[in-house]
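Here the structure is laid out as structure tokens; the discussion comes afterwards.
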Protein chains: 2
Amino acid sequence: MQIKEVIESSKRHWETALPHLSIDCVVFGFDQKRLNVLLLKLKDNANNWILPGGYVLKEEALDDAAKRILKERSGADKIFLNTFNVFGNLNRSEGYFKEYDDDLWHKQRFVTIGYYALVDHQSVTPVIDASSEDCRWMPIDELPEMVMDHKNIIENALATLREQIRYKPIGYNLLPEEFTMPELQNLYEAILGYKLNRGNFYRRIMRYNILKRLDKERKGGAHKAPILYSFDKENYQKALSELGW
Amino acid sequence: MQIKEVIESSKRHWETALPHLSIDCVVFGFDQKRLNVLLLKLKDNANNWILPGGYVLKEEALDDAAKRILKERSGADKIFLNTFNVFGNLNRSEGYFKEYDDDLWHKQRFVTIGYYALVDHQSVTPVIDASSEDCRWMPIDELPEMVMDHKNIIENALATLREQIRYKPIGYNLLPEEFTMPELQNLYEAILGYKLNRGNFYRRIMRYNILKRLDKERKGGAHKAPILYSFDKENYQKALSELGW
DNA sequence: TCTTATTGCTTCATTATGAAGCAATGATAG
DNA sequence: CTATCATTGCTTCATAATGAAGCAATAAGA
């Protein structure tokens, strides 16, 4: 196993980025009925996948770094992005780079800032960057083998998302402009991991008063055509700000 | 204005700690009817107060660093400690150290990990460390002038606490072993910043089933003597774990 | 002993939630 | 063209949670 590009870029990082600090992004996208995460596979790195991540430049705000990294490594752009936790244990990368020289950037001790992002699955086309061999959506309930503690980081991000969905409207960033009530319910169920009662879900969402009902339906599927909605951005923001967001 | 000790310790830090990374702790304590924060005042640093903070040693886990810093700089020990946010904007310290040499540790660009702590006010005796002139509890609604973005960090921590109190039992770490129902209500009101209905609060707390009613009362105050309670630690933990904690 | 503020706990009206169901509808099969 | 079917929009009913108010008990002090 060899990661030449990684080693090369390692040297560059020493000069331009803050040492001992990295960012990992958990990018959630919703497709049909499943919640997905955007993952990368390094060249020649066996079967281990990683989260899109990178380093903070010396004169770069943390949020800007997260945006840049995500754009460079996955093509995702203009998205909802937030920190959710910090991972600062020792030996987080233990074992993964032991064959390499001690001056390899990645072998160092790292404090990692975890960002999670919510994106419209349809509008993101995964981009394979120079150091990667693959970049794709993976369903949250069928994650592949992952490097270091990256699986744990994803679970932590998902737990954050699940907590937020309890008392905050969610969906604006995860759904396309127009969507149906069953699609919104599928999103909630995919995030929560369990089924919701249809009528009660309908009632609860309607009471939020964050949906704008469009005068059209989504025909083409079998059975009754569902009504299309879009988010009423003003009320959506109002609902969030009443909760202190 | 001079901060000799700070400059001295700055040199030591370069050798032992992770560069560009710091920790600030927002320590909440509850006294009578008010929520307080533990603050320090640097020697000779005019009237500006700071949060107890410090740096992460090269071979030290982040949580351990936070514990150590808090112990060293304020005497607080064995407490509930959690990250709540990361502050990584540029120029956070702009203007505060401009008179000093550029190689002053503090003048550098810093990413700060925010920790919040919940402690029993009575059991913490503020300790004034070598680089401080003062260390004391300050009520949350009467904060003094503070250095850099430290006031913002406190507000951010308080917002986190307020969010958590909505759907999580809180109080175990902020109250003494034995307490009364009005005291618990006062704590909630101090955190939330507004009054709660007495009967409804009583009913809600009782339904949580996290209190152990003791067979004694707190006599001595005027009027009817309130019953003493302690937390039923088992049920308290169960209530938390049902919420995924 | 009387007054007072405080406390423990309940009652009643209102609102939210869980479970179930009914009518409408668009596609499909016959 | 019509019957069937799963799905959808939305409502109903029972139960639980919440907001507002109040009653009786009580410890301290007048």
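In what follows, every chain begins at residue 1, and chains take the letters A, B, ... in the order their sequences are listed. Just so you know, these numbers use all the heavy atoms, side chains as well, and skip hydrogens, waters and symmetry mates. Values in this document were obtained by computation on a predicted structure and should not be read as measured data.
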Original post:
Can you name the residues that form a side chain to side chain contact (heavy atoms under 4.5 Å, CB included) with B:Thr83, not counting sequence neighbours?
Top reply: A:Asn85, B:Ile113, B:Tyr115
**OP:** Take atom CD of A:Glu177 as the centre, draw a 6.0 Å sphere, and report whether it contains more than 12 heavy atoms from other residues, nucleotides or ligands.
**Re:** no
**OP:** Find the distance A:Tyr202:OH to C:dG18:P and express it as a whole number of Å.
**Re:** 18 Å
**OP:** List in chain and number order the residues that pass side chain to side chain contact (heavy atoms under 4.5 Å, CB included) with A:Lys216, two or more places apart in sequence or in another chain; answer none if no residue qualifies.
**Re:** A:Glu178, A:Leu214, A:Leu228
**OP:** With rounding to the nearest 0.5 Å, note down the distance linking OG in A:Ser230 to CG in A:Leu175.
**Re:** 11.0 Å
Original post:
Tell me: NE2 of B:His223 to C1' of C:dT7, nearest whole Å?
Top reply: 11 Å
**OP:** Mind listing the closest non-hydrogen atom pair of B:Leu240 and B:Lys168 along with its distance?
**Re:** CD2-CG, 3.8 Å
Subject >> Within residues 209-219 of chain B: residues closer than 4.0 Å to DNA chain C (heavy atoms) >> reply: B:Arg213
**OP:** Take B:Leu118 and B:Leu161 through the side chain to side chain contact (heavy atoms under 4.5 Å, CB included) test and state the conclusion after the steps.
**Re:** CA-CA 10 Å; B:Leu118 306 180; B:Leu161 192 56; 3.9 Å; yes
**OP:** Mind listing the closest non-hydrogen atom pair of B:Gly53 and B:Asp24 along with its distance?
**Re:** CA-OD1, 3.4 Å
Original post:
Considering residues at least two apart in sequence or located in another chain, which fulfil the side-chain hydrogen bond (donor to acceptor under 3.5 Å, both in side chains) criterion with A:Arg204?
Top reply: none
Original post:
Just how far, in rounded Å, is C1' of C:dT17 from CZ of A:Arg166?
Top reply: 15 Å
**OP:** Apply ring-ring contact (aromatic ring centres under 6.0 Å, His included) to A:Tyr236 and list each qualifying residue two or more places apart in sequence or on a separate chain.
**Re:** A:Tyr172, A:Phe231
Original post:
Given the rule that a pair is Watson-Crick or G-U wobble with both distances under 3.5 Å, how would you write DNA chain C in dot-bracket, using | for pairs to a different strand?
Top reply: ||||||||||||||||||||||||||||||
Original post:
Side chain of B:Asp63, backbone of B:Ala61: donor and acceptor closer than 3.5 Å?
Top reply: no
**OP:** Could you list by number each residue of residues 175-184 of chain B showing a heavy-atom separation from DNA chain D of less than 4.0 Å, or answer none if no residue does?
**Re:** none
**OP:** Would you mind building the protein contact string for nucleotides 15-25 of chain D? One character per nucleotide, 5' to 3', B for base within reach (heavy atoms under 4.0 Å), S for sugar-phosphate only, - for untouched.
**Re:** --SBBBBB--B
Original post:
What residues, two or more places apart in sequence or in another chain, satisfy ring-ring contact (aromatic ring centres under 6.0 Å, His included) together with B:Phe110?
Top reply: B:Tyr55, B:Trp105
**OP:** Determine the sole option in B:Trp137, B:Phe30, B:Phe28, B:Phe179 for which the ring-ring contact (aromatic ring centres under 6.0 Å, His included) test with B:His121 is passed.
**Re:** B:Trp137
Original post:
Rounded to the nearest Å, what distance is computed from the CD1 atom of residue A:Ile205 to the P atom of nucleotide D:dT11?
Top reply: 16 Å
Original post:
Rounded to whole angstroms, how far apart are CZ on A:Phe201 and P on D:dT8?
Top reply: 12 Å
**OP:** Taking side chain to side chain contact (heavy atoms under 4.5 Å, CB included) as the test, write out the residues that go with B:Asp77, two or more places apart.
**Re:** B:Lys71
Subject >> Side-chain donor or acceptor of B:Asp149 paired with backbone N/O of B:Asn152 under 3.5 Å >> reply: no
Original post:
When you match B:Ala225 and A:Gly221 each to their closest nucleotide on DNA chain C, which lands nearer the 5' end?
Top reply: B:Ala225
Subject >> B:Leu38 CG to B:Leu51 CG distance, which is reported to the nearest 0.5 Å >> reply: 9.5 Å
Original post:
Among all residues two or more places apart in sequence or in another chain, which pass the side chain to side chain contact (heavy atoms under 4.5 Å, CB included) test with A:Arg213?
Top reply: A:Ile227, A:Tyr229
Could you run down the sub-3.5 Å N/O contacts of the protein with nucleotides 28-30 of chain C?
none

